[in-house]
A.B. asks: 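The structure follows.
Throughout, a chain's letter reflects where its sequence line sits, starting with A, and its residues are numbered from 1.
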Amino acid sequence: MDTATSFALIAPELLLAVSSLLLVLAAAWGGDKAARPVTILAVSALFGAGLLLWPVLHLGKVGPETWAFGDLLRADAFAGFAKALIYLAAIGCLVVTPSWFDRMKAMKPEYPVLVLLATLGMSLMVSASDLLTLYLGLELNSLAAYVLAAYLRNDSKSAEAGLKYFVLGALASGILLYGMSLLYGFTGTTSFAGIREALSGEMSNGMLFGVIFVLAGLAFKIAAVPFHMWTPDVYEGAPTPVTTFFATAPKVAAVALTARVALDAFGGQVDAWRQVVIFAALASIVVGALGAIGQNNLKRLLAYSSINNVGFILIGLAAASVAGASAMFVYLAIYVAMSLGSFVALMMLHDEDGRALETFDDIAGLSTKRPALAWCLLALMFSLAGIPPLLGFWGKFVVFQAAVEANLVALAAIGIAASVIGAFYYIKFIKVMFFDAASPATVADSTRAHWAVLGITTLIVSPLGYFLTRSFGDLGDKAASALFLLP
Amino acid sequence: MGGFPILSVMLAVPLLAAIACLFLSAPQARMTALVATLVNLALGVVLWANYDIGGAQWQFVERADLFAGFSYALGIDGIALLLIVLSVFLMPICILASWEAIDKRVGEYMAAFLLMETLMIGVFSAQDLFLFYIMFEAGLIPMYLIIGIWGGADRIYASYKFFLYTLLGSVLMLVAMLWMANGAGTTDIPTLMQYDFDPHVQTWLWLAFFASFAVKMPMWPVHTWLPDAHVQAPTAGSVILAGVLLKMGGYGFLRFSLPMFPEASAQFAWLVFWLSMVAVVVTSLIALVQSDMKKLIAYSSVAHMAIVTVGLFAFNVQGIEGAMMVMLGHGLVSGALFLCVGVIYDRLHTREIDRYGGLSINMPRYATFFLLFTMASIGLPGTSNFVGEFLALAGIYQVSTWVTLVCTTGIILGAGYMLYLYWRVAFGVQKNEDAAAMPDLNVREWAMLAPIAAAVLWMGVYPESFLAPMRKDVAALEARIARAMPEGDAKLKDGEPKAAAANAVAPLPHDKGSEGGH
């Protein structure tokens with residue numbers, strides 16, 4: 001494959017790279033006044049990159065024709081679907097950011113540039129088919145994310161979140177690198193295809209350790225139990241727009257990356273990692289649910305909710321089938337809509353002085369003060385709890401269906417029973433907003449950008465979203481088929 | 001009916017009205033809700049009138065491939081028809097019952113009720129496994145809000161308990177459904193009703209479904225959410241809960257557990273019998289000592305539902321028809337009793353039995369209605385519940401005389417607690433001045449209670465109207481489960497069948513009219 005074709009395959013990444021570099025310059029010369037134009041340009045760049053994905057998604061391309069640079073990157077339907085989700089999530093996050101930071105006069109042009117760079121890293125992550133490109137993408141994303149977490153540098157909580165995220169993220173990277181080095185040592189290659197081939201047959205202890213360490217490192221990135229400890233602190237401390245970003249786009253990227261590593265590189269040795277994934281899935285569901293019960297801070301609560309959701313996604317991975325991988329994607333798409341919506345709703349909750357309303361006490365009786373906002377949150381919370389007829393149910397449905405088809409009935413039964421624990425705190429959210437007497441806190445009006453994103457996400461999770469299930473299913477199946485090229 | 005999608009229209013009317021109610025002022029929302037439910041009632045009458053008794057098993061079938069994984073498939077048989085008619089009949093009455101009692105957030109309240117109606121009709125008309133599940137489960141949302149926002153003092157506890165109890169029950173059913181869809185390769189309910197699952201697997205599937213329906217029904221010992229929910233819910237919420245939502249459990253047994261898992265049903269019949277026997281005796285005794293009217297009626301509901309479950313698992317036509325009649329009759333009677341409680345609650349704002357007394361003196365019309373429904377709840381001949389309870393117990397007698405014996409005590413105990421309640425509320429001296437000053441029924445309350453009274457008498461005097469639509473479906477169900485039928489201890493011998501139906505007019509005035517043991 002010649003270089004020109006390879007460059008054509010990574011056109012979205014090229015667009016993102018070039019535009020982020022140009023925007024850095026614009027930010028450097030333009031100063032704070034340039035914040036809004038730079039944000040708009042960044043959104044357009046993401047939008048353009050998304051358009052470039054169209055052929056891959058539409059045709060559902062898989063196989064060698066999508067392998068770039070000697071199979072270092074794969075721009076297949078799988079990567080295409082993940083990137084589309086990532087770009088959409090990033091656009092959503094950027095749209096709602098300026099008005100939030102404007103409240104504390106902190107909107108700077110660096111912010112959209114950092115988001116663009118992180119998105120570029122995620123693009124590489126989901127395309128990676130070699131341990132080195134994987135690491136490159138992961139670190140590009142992570143470094144941008146560390147800075148974003150500490151973006152409000154005068155705010156001690158934000159700085160603390162950035163530091164915590166950095167230390168634990170670096171630890172995770174170390175674990176991941178150690179696993180990679182073991183794999184390289186025992187298989188003699190860094191490419192996923194090569195690893196898959198070397199792993200077929202009897203597995204040595206060294207290989208097994210390599211597999212486990214790599215998965216542990218990735219579990220850090222997707223915030224699966226037992227590597228989830230950083231999540232509540234970082235989500236709580238980081239500025240809300242950054243938390244929104246963390247909960248959506250990087251989650252998609254890390255989950256997609258994990259799926260590709262597990263099903264492609266380690267796809268020949270499913271039995272070696274399945275029990276690890278099953279444990280992480282169930283533990284995430286239970287810890288995510290139990291941990292959230294005692295929380296009074298809504299951001300922390302949503303952090304636990306994201307841990308809980310990762311558990312359900314991992315059930316799809318444990319199925320290790322086309323249906324399972326497809327279910328992961330459908331779940332991810334719905335999850336992005338749900339978390340984007342709920343975090344945007346949190347951003348809209350602030351009083352006239354700009355103080356954020358972040359605890360249950362603050363939002364008591366919200367339905368009498370801001371009925372529209374409360375009803376949107378109600379739909380999002382029931383959706384997160386997986387109650388039909390909201391779309392969140394569909395995500396859980398396909399995941400459990402895949403598990404049952406893969407003969408993991410016990411896993412499905414335990415997982416679904418544990419989801420009832422999670423329902424407890426989601427309905428507490430609704431109880432506080434609808435049943436309790438109104439708190440004295442006033443809720444200020446919201447901007448149109450916030451309403452737009454909240455409205456769109458609420459429409460998606462509403463029963464109308466079921467009309468999307470066919471397209472989601474088709475895209476998911478196409479994407480999943482890219483991971484199962486070999487028997 | 002040609003191609004008119006009447007079931008979809010019945011789903012759409014309340015749904016659209018619900019959305020509209022969210023944006024309307026209180027008087028407009030009340031009127032919208034009333035009109036929408038009356039339209040649906042009219043459609044329900046049209047549905048019944050056009051239902052071809054003895055025709056195809058599934059009628060008014062609609063099918064559309066709209067979603068991945070499951071299809072939008074609707075259709076009803078006689079059993080579903082009657083339950084849909086019950087739902088649309090009770091809904092306008094519920095709206096009337098809330099006319100003055102609800103004065104805050106009226107639009108949202110009406111929206112929740114109308115959404116509830118859509119979901120109830122959806123449950124009874126769904127022909128796709130997962131469409132059924134979605135409708136079944138979605139009912140939690142409006143009911144949670146109804147109890148939580150407009151309920152009594154302890155509403156939050158009750159709403160949580162209601163939500164989590166029923167959710168835990170039904171999620172296991174979802175896993176079983178996924179397994180069935182995977183194993184049988186279809187999600188079509190009529191097809192699955194003819195599909196023979198491996199008896200060993202049936203055991204597990206049956207248990208998973210049982211977990212859901214037993215909670216919904218509710219059966220002892222998972223009934224504890226019901227008294228809490230009833231007591232805290234507003235009047236109309238209690239009516240819909242007792243009148244229709246509990247019937248979803250019985251409908252589930254009829255539609256899923258029995259025809260899909262006949263062997264497992266026979267295997268677990270003893271479990272159902274034991275739980276029902278305990279329920280009849282225990283909850284009746286609990287009802288005797290209640291001082292809260294709503295709680296008393298709630299416990300009586302559990303006892304009545306136990307008669308339904310024994311009837312269903314009698315594995316014969318009488319038992320199943322009787323169970324259906326009890327469900328319909330109880331839907332009307334318990335709904336009416338909750339309305340009766342609501343009428344005096346609206347005046348005095350207490351449900352304590354002791355705070356009333358001698359109401360027949362100052363509220364004679366009210367006392368008359370209350371008496372009728374009390375008698376119907378006891379199962380007096382001539383009222384709806386007599387027909388159902390008699391049939392159900394006659395059916396179970398063929399299987400187990402002991403179960404019949406124990407369950408029949410429920411009727412006696414039922415007479416005990418209901419007459420005791422009526423005595424304390426309506427008879428005796430007017431010991432409380434405020435209760436003695438309460439005015440009698442107004443026109444609105446008349447309009448609520450009179451139609452139910454008429455229906456109760458109709459069912460009691462001429463039950464054939466209600467038995468006819470379901471006869472063929474019950475016979476088909478009996479034929480389906482006959483192979484697994486457990487042997488009874490009554491060992492009845494079939495006599496010569498009568499030449500004419502029981503309700504046929506006798507040709508000769510001196511005809512002996514022997515019952516002809518069946």
A.B. asks: Output the residues of residues 165-189 of chain B for which the shortest heavy-atom distance to chain A is under 4.5 Å, in residue-number order; output 'none' if no such residue exists.
C.D. replies: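 Under the 4.5 Å heavy-atom cut-off, B/Leu167, B/Leu168, B/Val171, B/Leu172, B/Leu174, B/Val175, B/Leu178, B/Trp179, B/Asn182 qualify.
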A.B. asks: Enumerate by number any residue of residues 197-206 of chain B whose heavy atoms lie under 4.5 Å from heavy atoms of chain A; in the absence of such residues, state 'none'.
C.D. replies: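 When heavy atoms of chain A are the reference, residues 197-206 of chain B contributes no residue within the under-4.5 Å range.
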A.B. asks: Rounded to the nearest 0.5 Å, what's the gap from CZ on B/Phe70 to OG1 on A/Thr469? Could you check?
C.D. replies: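 Here the rounded value is 6.5 Å.
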A.B. asks: Heavy-atom distance under 4.5 Å to chain A: side chain of B/Phe163, backbone, both or neither?
C.D. replies: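 Side chain of B/Phe163 only, per the 4.5 Å heavy-atom cut-off to chain A.
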A.B. asks: By number, which residues in residues 102-128 of chain B have some heavy atom less than 4.5 Å away from chain A?
C.D. replies: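 The list, in residue order, reads B/Arg105, B/Glu108.
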A.B. asks: Which answer fits A/Leu378, side chain, backbone, both or neither, if we ask what part of it has an atom under 4.5 Å from a heavy atom of chain B?
C.D. replies: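 For A/Leu378, the side chain is the part near chain B, not the backbone.
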A.B. asks: Hey, could you give me the CD1/CD1 distance between A/Ile430 and B/Ile141, rounded to the nearest 0.5 Å?
C.D. replies: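 Answer rounded to 0.5 Å: 7.5 Å.
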A.B. asks: Would you mind telling me which of A/Ile427, A/Ile416, A/Val409 has the largest number of heavy-atom pairs within less than 4.5 Å of chain B?
C.D. replies: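 Among A/Ile427, A/Ile416, A/Val409, the one with the most close pairs to chain B is A/Ile427.
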A.B. asks: Taking non-hydrogen atoms and a cut-off under 4.5 angstrom, which of residues 386-396 of chain A neighbour chain B?
C.D. replies: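 Result: A/Ile387, A/Pro388, A/Pro389, A/Leu390, A/Phe393, A/Trp394.
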A.B. asks: Answer yes if the ring centres of B/Tyr144 and A/Phe435 are under 6.0 angstrom apart, and no otherwise.
C.D. replies: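 For B/Tyr144 and A/Phe435, the ring centres are under 6.0 Å apart.
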A.B. asks: Write down the atom of B/Phe67, the atom of A/Arg470, and the distance for their closest heavy-atom approach.
C.D. replies: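 So the minimum-distance heavy-atom pair works out to O-NE, 3.6 Å.
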A.B. asks: Could you please spell out the steps behind the side chain to side chain contact (heavy atoms under 4.5 Å, CB included) verdict for A/Tyr466 and B/Leu66?
C.D. replies: CA-CA 8 Å; A/Tyr466 279 82; B/Leu66 292 177; over 6 Å; no
